[in-house]
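Before any comments, here is the structure.
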Amino acid sequence: MNKKVFGILLSTFALLLVSCQNFLKGREASEQIKAAITYANSDYTLIKVKPQNGTGTVVKPAGGEAQQKPSDVFDLSFEPSADYEFVTWKVTSKKISDAADLENYIKINDPDKVETTVTFKKPLEDIIITPVVVRRPKILSYSPIYTGSLSLKDTKIQVIFDKKMDRSSIYYSLDEIKELKAELGLSDQDFLPENAVPGMTDIYGYKKNGEYIYKNILIKNNDEQTNINNRFSAPYFESPTTLIIPANKDLLPENYSFISVSIDKSFCYEVEYENMSKKIGLFESKDWVYQVNNQDDNDPPNLSEIKIKMKDKNGQDLEILPWDQSFNNHTCSQLIEKLEEKKIYIKVKAGDEGSGLAPYFDVELNRFRNNNYEDLFPNNTITTLKTYYTSIGRESEYEGIIDLSNYPEGLYALNIYLYDNNGTTLHSITTPANQGDPVKSSAYFIIDDNVHISEPQITDDSVPNGKVIISWAPP
């Protein structure tokens, strides 16, 4: 092929290519013109953004209203008030209730962000966009506090929240531990508690440069502004709403020192909304100070009265406590009794002259034999019932009924544990202190709906330490 012919073919191809491009551009331009005409002729639709009263302010669109046409994209943002945290955006309409169908008309491009954009697709009346919010947790109470009187050196720190706080508030996740190792060069031996194994132990802190760092908690000597976390033991949630930080009995704060406590705003609780969950933190950190004296409290609470009653097999009230160490004075039915109503009456009266009596005591129910009276150990079931005093004063008192209707058949040991505010425990005292030396023992009872075996008999009451041997014979 000569150069002249090749040049003609090349020019022809170029001409065809330009013509095709112009054709395509013309068609695209035509479509754009049609879209512009359609957009110009379409009506505006009013879209409202309405938060719940008092939860915050709509930043965009201004005034909480947007006049939009199909294909418009507009900004959406919200500023929650101090008591609330943003969770997500929600779109509603009186015309369409299904959220998936609503996305054919309007779509929030990133609904989990407080600042996002919205694409308006098709006209629809009564569109309302609502920022979904939840209340932030609050600290309702904290102690000890500085009121002019000084606290015992071993006084525990207590913080009460209004929400059930998440465990991640005080314990590091495996991902957080991994990040700490990479950032600070920590090894497993640096984490707290001592000899902890990340992934198998709750990790609440770590050691770095001689200091103890606790997650979201900092305790300092306020005068010296030094970290004294090591003078306090592992924090824990006594209940989902109550944080406890015990004093380290082996290394108490210095005499008469001022102690500063800081609870970080990262303390959080978890909320679930539809198919998502989010952790909601405090609005701000909480800081306070208190002063200790030169004393600590190692004495347990004082028990002045205890009664435990149940119905015997004849339906009569039977008081099985207090006991003394001479079990010869008690018949078998007084020691172990089958419950008629599956209810136990308990009365406890106690006080504490040191740190004060904790507002609760524990009732422990240990099911150690099954319905056939076979030994369950080591698979015995222990249930602990946190029981709050019904009357608080110099001496606190509880009087009430424990319902056992949902407990399975078997032989149970009942123990009672009293606490002072520093965690010192009075263990299962069945004889009040004012009646002589306290006797540590348990109250026993049987839940038995059928006749499986005869009444239990004491076969040996000469065992040391006030114990007895109990046996059952076939019926």
Side-chain angles (χ1 to χ4, degrees), residues 139 141-160 192-194 204-205 210-212 214 217-239 242-263 286-305 348-362 388-389 391-397 416-429 432-434 436-438 440:
I139 293 177
S141 176
Y142 53 92
S143 65
I145 58 176
Y146 182 66
T147 59
S149 59
L150 308 187
S151 302
L152 295 170
K153 293 199 299 180
D154 58 349
T155 301
K156 67 183 179 182
I157 297 170
Q158 177 177 271
V159 184
I160 300 177
L192 298 169
E194 301 284 351
Y204 62 86
E211 290 189 347
Y212 283 49
Y214 292 175
I217 296 170
L218 176 58
I219 306 172
K220 297 187 298 183
N221 180 307
N222 197 63
D223 290 333
E224 299 176 2
Q225 287 296 292
T226 53
N227 181 332
I228 58 169
N229 279 351
N230 63 324
R231 294 182 181 270
F232 291 81
S233 301
Y236 65 94
F237 283 111
E238 183 180 66
S239 73
T242 303
L243 171 72
I244 299 295
I245 311 171
N248 181 352
K249 292 284 189 177
D250 297 325
L251 187 63
L252 293 173
E254 294 179 357
N255 293 346
Y256 302 108
S257 58
F258 282 90
I259 297 175
S260 167
V261 184
S262 179
I263 303 297
K286 180 64 181 179
D287 304 280
W288 77 94
V289 69
Y290 68 96
Q291 187 180 15
V292 298
N293 56 24
N294 63 342
Q295 301 175 4
D296 55 76
D297 176 19
N298 292 312
D299 295 327
N302 175 59
L303 179 70
S304 59
E305 183 178 3
V348 173
K349 193 173 183 180
D352 187 89
E353 296 296 329
S355 60
L357 193 67
Y360 62 87
F361 61 93
D362 285 338
Y388 286 85
Y389 293 100
S391 175
I392 304 295
R394 187 174 181 84
E395 278 197 319
S396 297
E397 185 173 334
I416 291 179
Y417 300 84
L418 307 181
Y419 308 96
D420 67 13
N421 281 320
N422 289 346
T424 308
T425 306
L426 187 67
H427 178 120
S428 268
I429 302 301
N434 59 10
D437 292 335
K440 295 182 179 180

Taken to the nearest 0.5 Å, the spacing of Lys349 NZ from Asn302 CG works out to 11.0 Å

* Asked: With distance as the sole test, does Asn248 use its side chain to make a donor-acceptor pair with the main-chain N or O of Asn230 at under 3.5 Å?
  -> yes

In this structure, OG of Ser260 is separated from CG of Asp287 (nearest 0.5 Å) by 6.0 Å

Of Leu152, Asp296, Val292, Asn294, the one forming a side-chain contact (heavy atoms from CB on, under 4.5 Å) with Leu252 is Asp296

Examine the side chains of Ser151 and Gln291 and answer whether a donor and an acceptor come within less than 3.5 Å of each other. no

Should Asp352 and Tyr419 be marked as a side-chain hydrogen bond (donor to acceptor under 3.5 Å, both in side chains) after you check the CA-CA gap, both sets of side-chain angles, and the distance that decides it? CA-CA 9 Å; Asp352 187 89; Tyr419 308 96; over 6 Å; no

Notebook entry, point to check: Side chain of Glu397, backbone of Ser391: donor and acceptor closer than 3.5 Å?
Noted result: no

* To do: Answer yes or no: is there a side-chain heavy-atom contact under 4.5 Å between Thr424 and Asp299?
  => no

query: Under 6.0 Å between the ring centres of Phe361 and Tyr388?
result: no

CG (Leu357) and CZ (Arg394) are apart, to the nearest 0.5 Å, by 12.5 Å

| said: Within the structure provided, determine whether Tyr204 and Pro193 are in side-chain contact (heavy-atom separation under 4.5 Å). | reply: yes

Self-check item: Lys286 side chain reached by Tyr142 side chain, heavy atoms, under 4.5 Å
Solution: yes

CH2 of Trp288 to OG of Ser143, rounded to nearest 0.5 Å, is 7.5 Å

Hey, does Leu150 have a side-chain heavy atom less than 4.5 Å from the side chain of Tyr256? yes

Backbone N or O of Tyr212 within a donor-acceptor pair of the Asn229 side chain at under 3.5 Å? yes

- So, do Ile157 and Pro144 sit near enough that their side-chain heavy atoms are less than 4.5 Å apart? yes

Value for CD1 (Ile228) from CG (Leu251), rounded to nearest 0.5 Å, stands at 9.0 Å

Heavy-atom closest pair (Ala350 atom, Ser304 atom, distance to 0.1 Å) is N-OG, 4.2 Å

Note to self: Show, in sequence, the C-alpha distance, side-chain angles and deciding distance for Val261 and Phe232, and conclude whether the side-chain contact (heavy atoms from CB on, under 4.5 Å) test is met.
What the structure shows: CA-CA 11 Å; Val261 184; Phe232 291 81; over 6 Å; no

OG (Ser396) and OH (Tyr360) are apart, to the nearest 0.5 Å, by 13.0 Å

Main-chain N/O of Asp297 paired to Asp154 side chain as donor or acceptor, under 3.5 Å: yes

Q: Report the C-alpha separation of Thr155 and Asn422 in whole Å, then their side-chain angles, then the decisive distance to 0.1 Å, and conclude whether the side-chain contact (heavy atoms from CB on, under 4.5 Å) test is met.
A: CA-CA 5 Å; Thr155 301; Asn422 289 346; 3.9 Å; yes

- prompt: Is the shortest heavy-atom distance from the side chain of Leu418 to the side chain of Val348 under 4.5 Å?
  reply: yes

- Task: Give a yes or no answer on whether the side chain of Gln225 reaches the backbone of Asn222 with a donor-acceptor pair at less than 3.5 Å.
- Result: yes

Lys153 vs Asn293, test: side-chain hydrogen bond (donor to acceptor under 3.5 Å, both in side chains). Steps then yes/no.
CA-CA 6 Å; Lys153 293 199 299 180; Asn293 56 24; over 6 Å; no

Worksheet item: Do the side chain of Ser257 and the main chain of Glu254 share a donor and acceptor less than 3.5 angstrom apart?
Response: yes

Q: May I ask you to decide if Ser355's main-chain N or O and Asn421's side chain share a donor-acceptor pair within less than 3.5 Å?
A: yes

